[in-house]
Every structure is written in structure tokens, then in C-alpha cells.
Participant: 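What follows is a single structure, and I will ask about it in a moment.
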Amino acid sequence: MAKDKKEPNSTDIEKEASTPDKAEAETAAEAEALDAEENPLEKELKDTKEQLLRVTAEYANFRKRSEKEKAESYSFATSNVISELLPVIDNIERAIADENGDYEGLKKGVEMTYSGLMTTLEKLGVSAFGEAGEQFDPNFHNAVMHIEDDTLDDNVITDVFQKGYKLKDKVVRPAMVKTAN
């Protein structure tokens, strides 16, 4: 009879340890069922978090790239303006270096330099405004003096002390003028 009772060997013990009890199996099945129910929400939350992180990273990269492009654009525009003005500077330097002292030649050189500068400004989209006889417009003119003259119309510019300049449609500097009536 003693032989009917067998002593368990090591493989039997491993088998018993690897097979869960009935209660453990039921608990594991319930946990899996709960995970299956909660899993779509958790998965959606995880996906949303990943998407938010990606969008945040993309925005940070976009902001850095935009700042870099803005700096490069400013540098490029400044470089273009300077390269357009360099011939005018060269002409002024030549006029200063001229030791002949010829007033007429100097005057002609300054006039040519002025003309070249105005041509360069026009290429860059800058235009001058503010002439005597024009109608006064407070959006473009700064009236610093006013006279009463019955021979002139109302709000007419009589004198221009300083021309105004526009870059395309934007006023860079208003014209300083004297108006009548």
C-alpha cells in the first residue's frame, strides 16, 4: 500500500506550480475582461497624448524655423539695400577726394549723386512727396506753420520744409509743411 502513494518528483511539482488554481484562473479571466473593456479608452488616451506631443513638437519646430527665416529675410533685405546704396557712397567719396576745388564740378557731382540716390530709392520702392501747391492731407503731411492768405485755396501747402517719403503705400516720414487758410 505504501507503494500506491507515490512521492511527487520535481517535474510533478513544476506542473502543479505552472497550472493555476481554478480561482486564480477566474480572477485572471475577469482582469482580462476588464482590460478589454478599459483598453479602448486607454488606447485612445495614449494615442491622444502621443498626438498632442507631436503637435507640440511640430509647433516648436515651426516657431524656430519661422524665427530663423525672419532673421535671414531681414539680413537679405538689408544686404540688398546696402548694395544699392554703395555706388552713391562711392560717388560721395570721389567728390570728397577731389582736390581741384572746382565749385561747379562739385555742384554737378552732388546733383548727379542726388539723382543716383533718388533712382536707387525708387528701385527700392521709396517715393518722395510733399510739394508746394498740393492739398494738405494730415495722413501724409505735418503742418508746422499756418498762414492766412486770401489768394490761396483752403488747406493748400505753401512751403515744404522737409519732404516726406513713402515705402510703397506706407509713410516712412511725413512731409513737414506750411499751410494756408
Side-chain angles (χ1 to χ4, degrees), residues 42-181:
E42 287 179 8
K43 184 178 186 304
E44 185 178 341
L45 179 62
K46 183 180 176 183
D47 291 344
T48 303
K49 283 182 180 179
E50 286 179 20
Q51 185 179 13
L52 179 62
L53 286 173
R54 285 193 178 121
V55 168
T56 304
E58 286 177 15
Y59 178 71
N61 290 339
F62 169 76
R63 195 175 72 239
K64 288 176 187 174
R65 190 173 50 250
S66 294
E67 288 173 8
K68 182 180 176 184
E69 287 174 357
K70 182 178 166 184
E72 287 174 356
S73 176
Y74 177 78
S75 177
F76 181 74
T78 303
S79 174
N80 282 346
V81 169
I82 290 170
S83 68
E84 290 290 331
L85 291 175
L86 288 177
V88 175
I89 292 170
D90 293 338
N91 288 338
I92 291 171
E93 287 175 346
R94 280 193 282 275
I96 292 170
D98 185 23
E99 294 183 14
N100 291 338
D102 179 21
Y103 175 76
E104 289 301 317
L106 181 62
K107 182 179 178 185
K108 184 177 178 184
V110 169
E111 288 172 352
M112 290 172 61
T113 302
Y114 174 76
S115 175
L117 179 59
M118 293 310 291
T119 302
T120 299
L121 289 176
E122 286 176 14
K123 279 190 209 175
L124 296 171
V126 177
S127 60
F129 64 90
E131 297 290 329
E134 288 182 0
Q135 196 67 21
F136 174 77
D137 183 350
N139 296 316
F140 298 105
H141 306 103
N142 181 16
V144 293
M145 291 182 73
H146 180 79
I147 61 167
E148 293 293 328
D149 189 346
D150 293 335
T151 61
L152 298 171
D153 294 333
D154 287 343
N155 291 325
V156 171
I157 297 172
T158 59
D159 291 314
V160 178
F161 302 117
Q162 193 176 56
K163 285 186 179 181
Y165 290 91
K166 294 189 294 187
L167 177 62
K168 298 190 179 12
D169 290 333
K170 182 182 178 196
V171 175
V172 177
R173 180 179 80 186
M176 192 181 305
V177 298
K178 177 173 152 184
T179 59
N181 304 324

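This one's a predicted model, so the numbers in the text were calculated from it and none came from an experiment.
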Participant: Rounded to the nearest 0.5 Å, how far apart are CD of Glu58 and CD of Gln51?
Facilitator: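 Reported value, rounded in 0.5 Å steps: 9.5 Å.
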Participant: To the nearest 0.5 angstrom, please state how far the OG1 atom of Thr113 sits from the CD1 atom of Ile89.
Facilitator: 11.0 Å
Participant: Please give me the minimum heavy-atom distance between His141 and Gln135, naming the atom from each residue.
Facilitator: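 That would be CE1-O, 3.6 Å.
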Participant: Which atom pairs, donor and acceptor, lie under 3.5 Å between side-chain atoms of residues 62-79 and protein residues at least two apart or in another chain?
Facilitator:
| residue | atom | partner | partner atom | Å |
| --- | --- | --- | --- | --- |
| Ser66 | OG | Phe62 | O | 2.9 |
| Thr78 | OG1 | Tyr74 | O | 2.8 |

Participant: Atom CD in Glu131, atom NZ in Lys163: separation rounded to 0.5 Å?
Facilitator: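 It comes to 5.0 Å.
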Participant: Would you say the side-chain atoms of Thr56 pair up with the backbone N or O of Leu52, donor to acceptor, closer than 3.5 Å?
Facilitator: yes
Participant: Given side chain to side chain contact (heavy atoms under 4.5 Å, CB included), test Asp47 with Glu44 step by step and report yes or no.
Facilitator: CA-CA 5 Å; Asp47 291 344; Glu44 185 178 341; 5.7 Å; no
Participant: Please report the interatomic distance CD1(Ile92) to CG(Leu85), rounded to the nearest 0.5 Å.
Facilitator: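 Those atoms lie 9.5 Å apart.
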Participant: Provide the closest heavy-atom pair for Lys166 versus Phe140 in the form atom of the first, atom of the second, distance.
Facilitator: CD-CE2, 3.8 Å
Participant: Please table the atom pairs, donor to acceptor, closer than 3.5 Å between any side-chain atom in residues 142-161 and protein atoms at least two apart or in another chain.
Facilitator:
| residue | atom | partner | partner atom | Å |
| --- | --- | --- | --- | --- |
| His146 | ND1 | Thr179 | OG1 | 3.1 |
| His146 | NE2 | Glu148 | OE2 | 3.1 |
| Asp149 | OD1 | Thr151 | N | 3.1 |
| Asp149 | OD1 | Thr151 | OG1 | 2.7 |
| Asp149 | OD2 | Thr151 | OG1 | 3.3 |
| Thr158 | OG1 | Lys178 | O | 3.1 |
| Asp159 | OD2 | Lys178 | NZ | 3.3 |

Participant: Would you please test Leu124 and Val81 for side chain to side chain contact (heavy atoms under 4.5 Å, CB included) and show each step?
Facilitator: CA-CA 7 Å; Leu124 296 171; Val81 169; 4.2 Å; yes
Participant: When rounded to the nearest 0.5 angstrom, what distance separates OG1 in Thr48 from CG in Leu53?
Facilitator: 11.0 Å
Participant: Roughly how far apart are Lys123 NZ and Asn80 CG, rounded to 0.5 Å?
Facilitator: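 Here the interatomic distance stands at 11.5 Å.
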Participant: Measure across Tyr165 and Met118 and return the closest heavy-atom pair with its distance rounded to 0.1 Å.
Facilitator: CE2-CE, 4.0 Å
Participant: Which heavy atom of Gly130 sits nearest to which heavy atom of Ala175, and what is that distance?
Facilitator: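 Heavy atoms only, the tightest pair is CA-CB, 4.1 Å.
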Participant: My understanding is that only residues two or more places apart in sequence, or in another chain, count here; which of them pass side-chain hydrogen bond (donor to acceptor under 3.5 Å, both in side chains) with Asn61?
Facilitator: none
Participant: Can you tell me if Met112 has over 12 outside heavy atoms packed within less than 6.0 Å of its CE?
Facilitator: no
